[in-house]
Amino acid sequence: MDSKLRVGILGATGMVGQRFVTLMENHPWFEVTAIAASPRSAGKTYEEAVGGRWKMETPMPAYVKNMTVLSIEEVDRIAGMVDFVFCALNMPKDQIREIENRYAKAETPVVSNNSAHRWTPDVPMVIPEINDAHFAVIEDQKKRLGTKRGFIAVKPNCSIQSYTPALTAWMAFEPYQAVVTTYQAISGAGKTFKDWPEMEGNVIPFISGEEEKSEQEPLRIWGKVENGEIVKRDGIVITSQCLRVPVLNGHTAACFVNFRQNPTKEELISALESYSGYPQAHHLPSAPKQFIRYMEEDDRPQVRLDVDYENGMGISIGRLREDTIFDWKFVGLSHNTLRGAAGGAVLCAETLVDQGYIMKRA
């Protein structure tokens with residue numbers, strides 16, 4: 001790439017926004033030229049606006065400390081400063097939908113971490129290794145919006161990343177039923193243990209909205225584009241429970257699966273380890289070299305040991321064994337703020353650039 005694309009980050013002061021800030025440091029394709037947050041942060045330096053709320057394990061990058069925070073409402077001004085934006089806003093869904101539409105109509109592609117547009121029929125919701133072909137629906141979305149280069153693309157919920165890739169790798173064996181329990185880290189709620197001390201030594205058996213997302217979003221990812229819309233896949237049923245556990249980063253899933261075919265353990269493991277997608281074939285900057293790995297040890301994957309596999313962008317699967325009620329069961333692990341949030345959105349943006357949907361503003 002001759003020169004870097006200019007990027008804006010909407011909602012840059014929150015936890016996911018902070019993760020975007022760290023991922024953009026020294027990115028080979030992208031450079032941050034606009035930082036935006038709520039109007040109450042506008043006019044401050046980024047360091048002042050964040051204050052004592054920096055939640056990343058690494059220090060705040062020097063490049064961003066003295067950047068002036070803009071208001072997310074300054075749509076035209078920000079649109080003139082960037083080639084596209086990442087969206088990590090923490091607002092009511094109707095307000096997020098409205099602001100993302102405004103940026104798209106200002107001819108600024110939006111790559112969103114938010115759930116507000118995940119079920120808009122012509123907005124692609126993508127895990128790039130699985131359904132990058134869904135980006136084709138962007139052309140229909142642009143017709144609806146009346147834009148030439150502006151559109152919205154989203155990544156799915158963090159809760160599904162630890163099991164959906166495995167089920168995708170096994171599609172040839174025709175999975176048709178899955179029971180999933182997710183054990184979700186507190187950073188998924190934008191918290192650290194400093195913010196949420198009552199989570200230490202605690203498990204909360206409810207996360208608002210997560211079970212519906214865990215059951216329904218994989219079906220949309222496995223769906224197909226028909227008449228300018230993404231239609232959910234049928235023939236597979238997922239039921240889930242989602243628990244908040246005292247872990248900072250890393251969502252674990254325990255999954256039980258029934259197949260119409262009769263795969264062996266060796267066939268299932270081989271399918272996992274050989275699975276790859278567009279990011280691997282095109283050597284995208286944030287792509288894990290091996291998307292899914294299988295771990296033979298009885299006590300793996302573990303959050304403490306395995307969450308950072310492939311810089312947090314890979315999926316770890318283990319404990320694959322036959323079940324007395326279902327055909328097979330396994331445990332999966334993914335990094336919820338990297339693969340599951342900002343990192344997944346960055347990989348979506350890289351895919352969109354590589355496929356020609358995002359380009360320099362003329």
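One-based numbering along the sequence shown. Hydrogens, waters and symmetry mates play no part in the numbers below; they use all other heavy atoms, side chains included.
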(request) Would you tell me whether Q184 and N336 have side-chain atoms, one donor and one acceptor, within less than 3.5 Å of each other? (result) no
(message) Given 3.5 Å as the limit, does a donor-acceptor pair link the side chain of R220 with the main chain of R118, or not?
(response) yes
(message) Let me check something: do V126 and L284 share a hydrophobic cluster, defined by ILVMFWY side-chain heavy atoms less than 4.5 Å apart, either directly or through other members?
(response) yes
Using atom types as modelled, flag every donor-acceptor pair under 3.5 Å from a side chain in residues 232-243 to any protein atom, sequence neighbours excluded.
residue, atom, partner, partner atom, Å
K232, NZ, Q216, OE1, 2.6
S240, OG, E211, O, 3.3
S240, OG, E215, OE2, 3.4

(message) We want to know whether S112 and E100 form a side-chain donor-acceptor pair, criterion being a heavy-atom distance below 3.5 angstrom.
(response) yes
(request) Would you indicate whether the side-chain heavy atoms of Q95 and E98 approach each other to under 4.5 Å? (result) no
(request) Would you indicate whether N90, at its atom CG, is surrounded by more than 12 heavy atoms from other residues, nucleotides or ligands within a distance under 6.0 Å? (result) no
(message) Rounded at 0.5 Å granularity, tell me how far CD in Q177 sits from CZ in R260.
(response) 8.0 Å
(message) For M81, is there any backbone N or O sitting under 3.5 Å from a side-chain donor or acceptor partner on R6?
(response) yes
(request) Test T164 against W222 for side-chain contact (heavy atoms from CB on, under 4.5 Å), laying out the working first. (result) CA-CA 9 Å; T164 301; W222 296 326; 3.8 Å; yes
(message) Ignoring hydrogens, what is the shortest heavy-atom contact between C87 and V110? Give both atom names and the distance.
(response) CB-CG1, 4.0 Å
(message) Could you measure the distance from the OH atom of Y278 to the CD atom of E350? Nearest 0.5 Å is fine.
(response) 11.0 Å
(request) Give me the ring orientation class for F84 and F86: parallel if the planes are under 30° apart, tilted from 30 to 60°, perpendicular past 60°. (result) perpendicular
(message) A quick test of your reading: do over 12 heavy atoms of other residues, nucleotides or ligands sit less than 6.0 Å from CG of N311?
(response) no
(message) Pair S71, E73 - check side-chain hydrogen bond (donor to acceptor under 3.5 Å, both in side chains), show working.
(response) CA-CA 5 Å; S71 168; E73 298 294 335; 5.7 Å; no
(request) Starting from the C-alpha separation in whole Å, work towards a yes-or-no answer on side-chain contact (heavy atoms from CB on, under 4.5 Å) for L23 and F30. (result) CA-CA 10 Å; L23 292 174; F30 307 144; over 6 Å; no
(request) Take atom NZ of K44 as the centre, draw a 6.0 Å sphere, and report whether it contains more than 12 heavy atoms from other residues, nucleotides or ligands. (result) yes
(request) Would you mind reporting whether S162 and T252 have side-chain heavy atoms less than 4.5 Å apart? (result) no
(message) Do L272 and V307 land in one hydrophobic cluster if side-chain heavy atoms of ILVMFWY residues count as linked below 4.5 Å?
(response) no
(request) Can you label the angle between the F259 ring and the F173 ring as parallel, tilted or perpendicular, going by 30° and 60°? (result) perpendicular
(request) For Y294 and G318, work out which heavy atoms get closest and say how close. (result) CE1-CA, 3.6 Å
(request) Could I get the full list of side-chain hydrogen bond (donor to acceptor under 3.5 Å, both in side chains) partners for R361, not counting sequence neighbours? (result) T108
(message) Return the CG to NZ distance between L320 and K265, rounded to the nearest 0.5 Å.
(response) 5.5 Å
(message) Any side-chain to backbone donor/acceptor pair from R149 onto M359? Under 3.5 Å, distance only.
(response) yes
(request) Check the pair Y309 / L333 against side-chain contact (heavy atoms from CB on, under 4.5 Å), numbers first and verdict last. (result) CA-CA 10 Å; Y309 168 61; L333 172 66; over 6 Å; no
(message) How about CZ on R40, more than 12 heavy atoms from neighbouring residues, nucleotides or ligands closer than 6.0 Å, or not?
(response) no
(request) Answer with yes or no whether the hydrophobic clustering places I152 together with V7; edges join I, L, V, M, F, W, Y residues whose side-chain heavy atoms lie under 4.5 Å apart. (result) no
(message) Within the 4.5 Å heavy-atom criterion, are S38 and I72 side-chain neighbours or not?
(response) no
(request) Report yes or no: does D306 contribute a side-chain atom to a donor-acceptor pair with the main-chain N or O of Q302 at less than 3.5 Å? (result) yes
(request) Please confirm whether the backbone N or O of A185 pairs with a side-chain atom of H251, one donor and one acceptor, at under 3.5 Å? (result) yes
(message) Consider side-chain hydrogen bond (donor to acceptor under 3.5 Å, both in side chains). Of T192, N249, D195, T337, which one does S187 pass it with?
(response) N249
(request) Give a yes or no answer on whether the side chain of K4 reaches the backbone of H27 with a donor-acceptor pair at less than 3.5 Å. (result) yes
(message) Please check: side-chain N/O of K142 versus main-chain N/O of K148, any donor-acceptor pairing under 3.5 Å?
(response) yes
(message) Could you check whether any side-chain N or O of S270 sits under 3.5 Å from a backbone N or O of E266, counting only pairs where one atom can act as donor and the other as acceptor?
(response) no
(message) For a quick test of reading the model, state the closest non-hydrogen atom pair linking I358 to P109 and the distance between them.
(response) CG1-CB, 4.0 Å
(request) Answer yes when K143 and E139 have at least one side-chain N-carboxylate O distance shorter than 4.0 Å, and no when they do not. (result) no
(request) Assess whether side-chain contact (heavy atoms from CB on, under 4.5 Å) is satisfied between I99 and V75, documenting all intermediate values. (result) CA-CA 8 Å; I99 199 76; V75 176; 4.2 Å; yes
If you look only at distance, which donor and acceptor atoms sit under 3.5 Å apart when one is on a side chain in residues 59-67 and the other is two or more places apart or in another chain?
residue, atom, partner, partner atom, Å
Y63, OH, V21, O, 2.9

(message) In this structure, would W328 and Y176 fall into the same cluster of hydrophobic residues linked by side-chain contacts under 4.5 Å?
(response) no
(request) Without swapping roles, check the side chain of E310 against the backbone of F291 for a donor-acceptor pair under 3.5 Å. (result) no
(message) Looking at D94, I want to see if its CG is surrounded by more than 12 non-hydrogen atoms of other residues, nucleotides or ligands under 6.0 Å.
(response) yes
(request) Return the minimal non-hydrogen interatomic distance between N113 and A341, and the atom names on each side. (result) OD1-CA, 3.1 Å
(request) Return yes if some donor-acceptor pair links the side-chain N/O of N157 with the main-chain N/O of S115 below 3.5 Å, else return no. (result) no
(request) Look at atom CD of E267 and say whether more than 12 heavy atoms of other residues, nucleotides or ligands are closer to it than 6.0 Å. (result) yes
(message) Quick check: closest heavy atoms across A172 and Q261, and the distance to 0.1 Å?
(response) O-CG, 3.9 Å
(request) Check whether the side chains of E273 and Q290 place a donor and an acceptor atom closer than 3.5 Å, and report yes or no. (result) no
(request) Treat each ILVMFWY residue as a node, draw an edge where side-chain heavy atoms are under 4.5 Å apart, and state whether F20 and I35 are in one component. (result) yes
(message) Measuring only between side-chain heavy atoms, which start at C-beta, is E229 closer than 4.5 Å to V137?
(response) no
(message) If you compare all heavy atoms of M56 against all heavy atoms of T22, which two are closest, and at what distance to 0.1 Å?
(response) CG-CG2, 3.8 Å
(request) Taking the side chain as every heavy atom from C-beta outward, state whether V203 and Y183 have any pair of such atoms under 4.5 Å apart. (result) no
(request) Output all residues satisfying salt bridge (Lys or Arg N to Asp or Glu O under 4.0 Å) with E226, sequence neighbours left out; order by chain, then residue number. (result) K224
(request) Using a 4.5 Å cut-off on heavy atoms from C-beta on, say whether the side chain of L268 contacts that of F330. (result) no
Show me the donor-acceptor pairs, under 3.5 Å and distance only, between side chains in residues 8-18 and residues at least two apart or in other chains.
residue, atom, partner, partner atom, Å
Q18, OE1, K55, N, 2.7
Q18, NE2, T13, O, 2.9
Q18, NE2, R53, O, 2.9

(message) Applying ring-ring contact (aromatic ring centres under 6.0 Å, His included) as the test, list every pair that has at least one member in residues 128-161; sequence neighbours left out.
(response) none
(message) Using side-chain heavy atoms (C-beta onward) and a distance below 4.5 Å, is I160 in contact with I221?
(response) yes
(message) Are the side chains of I204 and M199 in contact, using a 4.5 Å heavy-atom criterion?
(response) yes
(request) Give a yes or no on whether a salt bridge exists between R339 and E129, defined as a side-chain N under 4.0 angstrom from a carboxylate O. (result) yes
